[in-house]
A.B. asks: 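One structure, pasted below without further comment.
Chain letters run A, B, ... following the sequence lines, proteins first and then strands; every chain starts at 1. Keep in mind that what you see is a predicted model, and the values were worked out from it rather than measured. Keep in mind that the numbers below use all heavy atoms, side chains included, and drop hydrogens, waters and symmetry copies.
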2 protein chains.
Amino acid sequence: MTRYSRQTRLLAAIDCIIFGFDGQELKVLLIHRAFEPEKGKWSLMGGFIQPDEGFEEAASRILLQLTGLKGVYLEQLHAFGDPARDPIERTVSVAYFALIDIHKYEKQLSEEYHPEWFPIGSIPKLIFDHARIIEMGKEKLRYKAALHPILFELLPEKFTIPQLQSLYEGIYETGLDKRNFSRKVLSTGLLIKLKDKEKTSSKKGAFYYKLDKRRYQAKFQAFLNIIPNAHKLS
Amino acid sequence: MTRYSRQTRLLAAIDCIIFGFDGQELKVLLIHRAFEPEKGKWSLMGGFIQPDEGFEEAASRILLQLTGLKGVYLEQLHAFGDPARDPIERTVSVAYFALIDIHKYEKQLSEEYHPEWFPIGSIPKLIFDHARIIEMGKEKLRYKAALHPILFELLPEKFTIPQLQSLYEGIYETGLDKRNFSRKVLSTGLLIKLKDKEKTSSKKGAFYYKLDKRRYQAKFQAFLNIIPNAHKLS
DNA sequence: GCAATTCGTGTCAAAGTAACACTTATATTT
DNA sequence: AAATATAAGTGTTACTTTGACACGAATTGC
């Protein structure tokens, strides 16, 4: 026996939602689709799964192609299998989302795709079901970030507490009390205070912190509860 | 343009983890695989995705085939894509998990598969990567049930609070204080007390409750936090 | 009518949460 | 050099939630 008989075979693709944070709002990196159909339209970065390539492997490859980045936070979001989602030929898509430091991304790498960052609230019209994929990705990011310290993946190695707070405020589109916020994040024990300050955004300057990577690994599953009333989230 | 050229096509299957609760422990329904390879070995219930069939649709079909049940709680768990997971031919699997009332399941329906319930702690050797799929399913169920009221799906329409508590204790393999437990579940406002009692398991008898379906829909996203120290879960 | 069993409930101390305002450090302006 | 403007950093208090803990109530079988 070498194959299963009388079964339909189909294409499998990976699509990546690439999230970044510019200091103000959550953004998504989109490309101009490189081939027909819908060539030139806005799309998530994606690609077909190659023979002998696993899903994570394919997702990393695609991410590397567009951003030049390796070792990035990458998580499977959902598999999309509507028979009509690609009009040319049935293609299932396994969607991943990646969290990257937006400053590490070098635009010039990928001339071919003319990528651009879009605020999560102003996504252009997208091909196929990519709008729905992004919607689900945004929800999962909010959900997960309310419980686990993953948003650090969107920041540079050194960051200030006000920057971290802006990030949470941007993701949840809400204001947070800075006294409560700082008390909570510091109480996790995940942050190490550095000696230098970030001075561009205030006269006084804010101390830099970095992640305590050992504890980050260990406490990853711990619930942060940064967001008051996280249970009211959709 | 009718097809994408130079891309490999592959098989796509659905596998279903069917969870049930017998009053003592969490169980999984397994079958004897019906065809080669590994014919007769223990396996999750599954099947190939048919042309023009979406994932949820396929998962429902497969569940119906084995259990005769419709309208069951069904959620996508994860897509598995290791190129070598099926030795015959590359097959990706989209795994779903279902929560059913174990008493509604009628064994005789599915002669073909010789299905059996196994306690989650005593799963036999399974084909392919099904052991890992179940492991992930168990974790996701625990994770999700700590935050959302999904375990009701495992109980009959009418149930008592002691039964509900046994369920939580079974899922989390822990003991719970009945005073605190009852206070918490009642405070959700999801339960409606009925006038009759369940009398088989105690002399005094325990009042039946049923779910308030309106509030269940509305509060589904609400965090229950039934499990003290849920953040210590793996 | 006595014993045995499981159901059902209340209190209290501790921890966690959310609301709230002022001082500090520094750069810029006058 | 003094005044001003700006964002950083910090502490207290009231309230809510949590977890630990024990006994009376209802019923059955002996």
A.B. asks: With rounding to the nearest 0.5 Å, note down the distance linking CD1 in I133(A) to CZ in F97(A).
C.D. replies: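 Taking CD1 in I133(A) and CZ in F97(A), the distance rounds to 13.5 Å.
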
A.B. asks: Determine the contact category for T160(B): base if any of its heavy atoms lies under 4.0 Å from a base atom, sugar-phosphate if only primed atoms, P, OP1 or OP2 are that close, otherwise nothing.
C.D. replies: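 If one applies the 4.0 Å heavy-atom cut-off, T160(B) turns out to touch nothing in the nucleic acid.
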
A.B. asks: Please figure out whether P162(B) or D177(B) has its closest DNA chain C nucleotide nearer the 5' end.
C.D. replies: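 Going by which nucleotide is closer to the 5' end, it is P162(B).
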
A.B. asks: What is the distance from NZ of K184(B) to P of dG8(C), rounded to the nearest Å?
C.D. replies: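 One finds 19 Å between P of dG8(C) and NZ of K184(B), rounded.
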
A.B. asks: Taking E173(B) first and then R142(B), would you say they form a salt bridge - that is, a charged N and a carboxylate O separated by under 4.0 Å?
C.D. replies: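 Here E173(B) pairs with R142(B) in a salt bridge, since their nearest N and O are under 4.0 Å apart.
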
A.B. asks: Could you check how far CD of Q165(B) sits from P of dG19(D), rounded to whole Å?
C.D. replies: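 After rounding, the reported distance stands at 14 Å.
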
A.B. asks: Using the salt bridge (charged side-chain N to carboxylate O under 4.0 Å, His left out) rule, collect all pairs that involve residues 200-213 of chain B, keeping only residues at least two apart or in two chains.
C.D. replies: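 Counting only pairs at least two positions apart or across chains, the salt bridge (charged side-chain N to carboxylate O under 4.0 Å, His left out) contacts touching residues 200-213 of chain B are E157(B)-K213(B), D212(B)-R215(B).
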
A.B. asks: Need to verify one output field. Residue with the more 5' nearest nucleotide on DNA chain D, S201(A) or N180(A)?
C.D. replies: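 Closer to the 5' end of DNA chain D: S201(A).
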
A.B. asks: Just how far, in rounded Å, is C1' of dT27(D) from CZ of F207(B)?
C.D. replies: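 Taking CZ of F207(B) and C1' of dT27(D), I get 12 Å after rounding.
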
A.B. asks: Going by salt bridge (Lys or Arg N to Asp or Glu O under 4.0 Å), name the residues that satisfy it together with K41(A), two or more places apart in sequence or in a different chain.
C.D. replies: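 Result, salt bridge (Lys or Arg N to Asp or Glu O under 4.0 Å) vs K41(A): E38(A).
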
A.B. asks: Is the gap between the ring centers of F181(B) and Y168(B) under 6.0 Å?
C.D. replies: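 Judged by ring-centre distance (under 6.0 Å), F181(B) and Y168(B) do meet the cut-off.
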
A.B. asks: Let me know the distance between NZ of K193(B) and P of dC7(C), rounded to the nearest Å.
C.D. replies: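 One finds 13 Å between P of dC7(C) and NZ of K193(B), rounded.
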
A.B. asks: Side chain of R183(A), heavy atoms from C-beta onward: which of dA18(C), dC20(C), dT9(C) has the nearest atom to it?
C.D. replies: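 Of dA18(C), dC20(C), dT9(C), dA18(C) is nearest to the side chain of R183(A).
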
A.B. asks: Round to the nearest Å and state the distance from E198(B) atom CD to dT6(C) atom P.
C.D. replies: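 The distance from CD of E198(B) to P of dT6(C) comes to 12 Å, rounded to the nearest Å.
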
A.B. asks: Given 3.5 Å as the limit, does a donor-acceptor pair link the side chain of E57(A) with the main chain of G54(A), or not?
C.D. replies: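 Looks like yes, one N/O pair under 3.5 Å.
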
A.B. asks: Determine, for nucleotides 23-30 of chain C in 5'-to-3' order, which nucleotides have protein heavy atoms under 4.0 Å from the base (write B), from only the sugar-phosphate (write S), or from neither (write -).
C.D. replies: -BBBB---

A.B. asks: What integer distance in Å separates K178(A):NZ from dA21(C):P?
C.D. replies: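 Nearest whole value for this atom pair: 13 Å.
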
